[in-house]
Amino acid sequence: MAPELLDLCDQMGFLVVDEAFDKWKSLFYEHLYDEWWEKDLEAMLIRDRNHPSVFMWSVGNEVENQGQPSMLNMLEQLVGYCHVKDPTRPVTYALEPHNTPISLREGSIEAKVEHTKQLAQRVDVLGLNYQEQWYEHYRAAMPDTLILGTETFPYYRGKDNRVKGYLPLNPWFDVAYHDYVIGQFVWSGIDYLGETSYPSKGWSSGLIDTCGFRKPVSYLQQSLWSNQPVVHIAAFNEHMKSEFNPTWTMHWKSPAMEDHWTFPEYGGKLIRLVTFTNCESVELILNDESYGERKLVDYPNHLILWELPYTPGKIRAVGRNGNEKVCEHVLTTAGLPYALKLEADRVILPADGHEISHVEVTVIDQNGITVPNHDFELTFKLQGNGRILGVDNGDLTSDEPYKGNERRTHRGRCLVVVQSGDVAGELLLQASADGGLLGKISLKVEEERK
């Protein structure tokens with residue numbers, strides 16, 4: 001990664017496992033490995049070793065021939081080199097359950113444990129991809145070994161002796177309940193391009209889409225990780241357009257959920273909800289009618305489920321600790337599209353020709369509520385010394401280009417990235433759509449201070 005990313009991690013308090021390689025002697029690095037592994041590994045270790053955010057090195061992820069003598073020798077070589085160059089940090093490698101002989105993939109727990117022990121003996125921390133269901137077996141066989149979930153599913157958990165079994169129990173609980181498991185990485189945090197097939201352009205199972213917009217499932221993680229009170233409503237929507245992915249990726253997805261209250265297709269029908277929370281209890285109220293209060297302790301997977309007749313209006317989830325209300329989430333049914341709302345993460349930019357502002361564009365009704373079920377082709381116009389750097393809507397099945405001044409909204413939203421020029425002044429970004437929808441925002445560009 002760019003060194004600026006580690007600078008930000010240092011400043012913001014993120015912990016980083018700095019990984020040198022994905023594959024070793026396969027795929028794109030195969031013809032380079034023998035000549036370049038030492039030079040490339042040394043370059044990373046020396047460049048990044050003074051970053052306090054980096055607390056562990058990783059020498060690889062899901063490489064070929066896991067557990068075979070040639071692979072074990074390479075692992076020893078790489079880990080040993082890290083120890084020589086930087087004896088202060090532990091070293092791991094991300095072991096995955098698929099890239100092993102079929103006899104082990106389909107074999108007994110005992111065989112898996114013996115296979116994994118060979119790798120665990122050669123690293124300081126055992127990195128495991130999608131193997132939460134076997135943590136306790138590994139611990140029993142290796143009582144002094146620490147485990148890191150180097151990749152975990154965002155919603156489901158593996159079951160019994162299968163990687164892709166089905167348990168709606170988030171893998172975070174395997175961290176929370178076992179003091180020898182030091183943490184997890186969710187695959188993936190953010191959607192990305194690649195690793196898919198047409199008509200999708202990328203991996204759409206992240207907690208955040210390519211615009212940086214949060215998905216409903218991200219509030220499950222927030223409820224698990226945050227010390228601040230959290231409550232968030234999401235509705236299961238079987239009519240929701242699916243983000244196409246190959247069949248083999250389905251276990252990475254969460255159920256189709258949306259966090260709004262505009263579902264005309266559910267008129268006169270029951271709709272299923274979930275409230276994500278870390279509060280002791282949640283009360284659900286629809287148009288001033290209470291549907292009762294439910295206690296988190298009765299839902300060990302932290303998914304408080306509800307079913308109620310869909311009725312337009314206002315739905316509220318009230319989070320309480322004891323008898324005290326500590327947080328609330330409100331959703332209101334949207335009316336007809338009325339305007340476009342533009343909001344920027346930065347409204348003041350330096351006149352350096354580099355800095356950018358992310359402008360979120362939302363279709364709203366007359367009361368300012370997001371209209372999620374009417375999408376429009378938008379056209380953008382920028383006045384002033386700057387440029388539109390890119391446009392996106394988070395829909396990885398869209399064939400629209402990222403460059404240009406047009407983009408269709410997706411679930412009522414899209415994103416425009418604006419870059420400042422080198423002259424101070426004002427940038428005026430205007431958005432329009434057929435039917436008379438309009439919106440605008442002004443950004444201020446200031447001379448850099450010497």
Side-chain angles (χ1 to χ4, degrees), residues 209 211 213-220 222-223 229-243 254-277 279 281-294 303-320 325 327-343 360-378 393-395 408-415 431 433-439:
D209 71 17
C211 291
F213 301 156
R214 292 181 62 173
K215 301 180 185 180
V217 69
S218 71
Y219 292 92
L220 170 60
Q222 183 176 344
S223 73
V230 176
V231 67
H232 195 87
I233 305 167
F236 296 98
N237 183 11
E238 62 186 25
H239 304 287
M240 182 176 166
K241 175 190 172 185
S242 175
E243 298 280 9
S254 58
M257 292 183 284
E258 298 191 81
D259 43 6
H260 61 79
W261 195 240
T262 306
F263 295 102
E265 63 271 32
Y266 278 93
K269 300 177 183 179
L270 287 175
I271 191 166
R272 195 163 178 249
L273 304 179
V274 60
T275 46
F276 302 125
T277 192
C279 301
S281 65
V282 174
E283 181 183 10
L284 196 67
I285 302 166
L286 175 58
N287 295 333
D288 298 324
E289 179 183 353
S290 175
Y291 279 80
E293 190 168 353
R294 299 187 178 177
L303 305 172
I304 301 182
L305 299 175
W306 314 75
E307 284 187 340
L308 63 156
Y310 174 73
T311 305
K314 183 177 293 186
I315 188 166
R316 294 190 295 137
V318 179
R320 292 189 177 92
K325 173 183 170 181
C327 57
E328 180 180 69
H329 184 216
V330 180
L331 297 174
T332 303
T333 304
L336 295 175
Y338 177 75
L340 302 173
K341 180 175 70 172
L342 279 65
E343 293 182 294
E360 180 180 341
V361 185
T362 308
V363 180
I364 59 172
D365 70 6
Q366 199 162 1
N367 296 312
I369 306 300
T370 299
V371 182
N373 56 344
H374 288 278
D375 286 318
F376 296 87
E377 298 284 349
L378 303 187
N393 63 7
D395 180 6
R408 184 172 180 82
T409 59
H410 178 56
R411 298 181 185 135
R413 296 193 295 177
C414 67
L415 181 76
D434 290 342
L437 296 183
L438 300 171

- Message: Donor-acceptor pair, distance only, cut-off 3.5 Å: does the side chain of T262 make one with the backbone of A334?
- Response: yes
- Task: For N287 and K314, indicate whether the former's side chain and the latter's backbone hold a donor-acceptor pair under 3.5 Å.
- Result: yes
From [atom1] ([X]) to [atom2] ([Y]), nearest 0.5 Å:
| X | Y | atom1 | atom2 | result |
| --- | --- | --- | --- | --- |
| T277 | L220 | OG1 | CG | 11.0 Å |
| E377 | C414 | CD | SG | 10.0 Å |
| I364 | K341 | CD1 | NZ | 6.0 Å |
| R214 | Y219 | CZ | OH | 4.0 Å |
| L273 | D259 | CG | CG | 11.5 Å |
| D209 | H410 | CG | NE2 | 7.5 Å |

[X] to [Y] - nearest heavy-atom pair and separation:
| X | Y | result |
| --- | --- | --- |
| D365 | N367 | OD1-N, 2.8 Å |
| H329 | I233 | ND1-N, 2.9 Å |
| W306 | V282 | CH2-O, 3.5 Å |
| G319 | C279 | CA-SG, 3.9 Å |
| Q222 | V230 | NE2-CG2, 3.6 Å |

- Message: Can you see whether S290 engages E283 through a side-chain donor-acceptor pair at a distance of less than 3.5 angstrom?
- Response: yes
- Task: Given side chain to side chain contact (heavy atoms under 4.5 Å, CB included), test V363 with L340 step by step and report yes or no.
- Result: CA-CA 5 Å; V363 180; L340 302 173; 3.9 Å; yes
- Message: Run the side chain to side chain contact (heavy atoms under 4.5 Å, CB included) test against F263 and tell me which residues pass, sequence neighbours left out.
- Response: A235, N237, E258, H260, W261, E265, Y266, I271, Y310
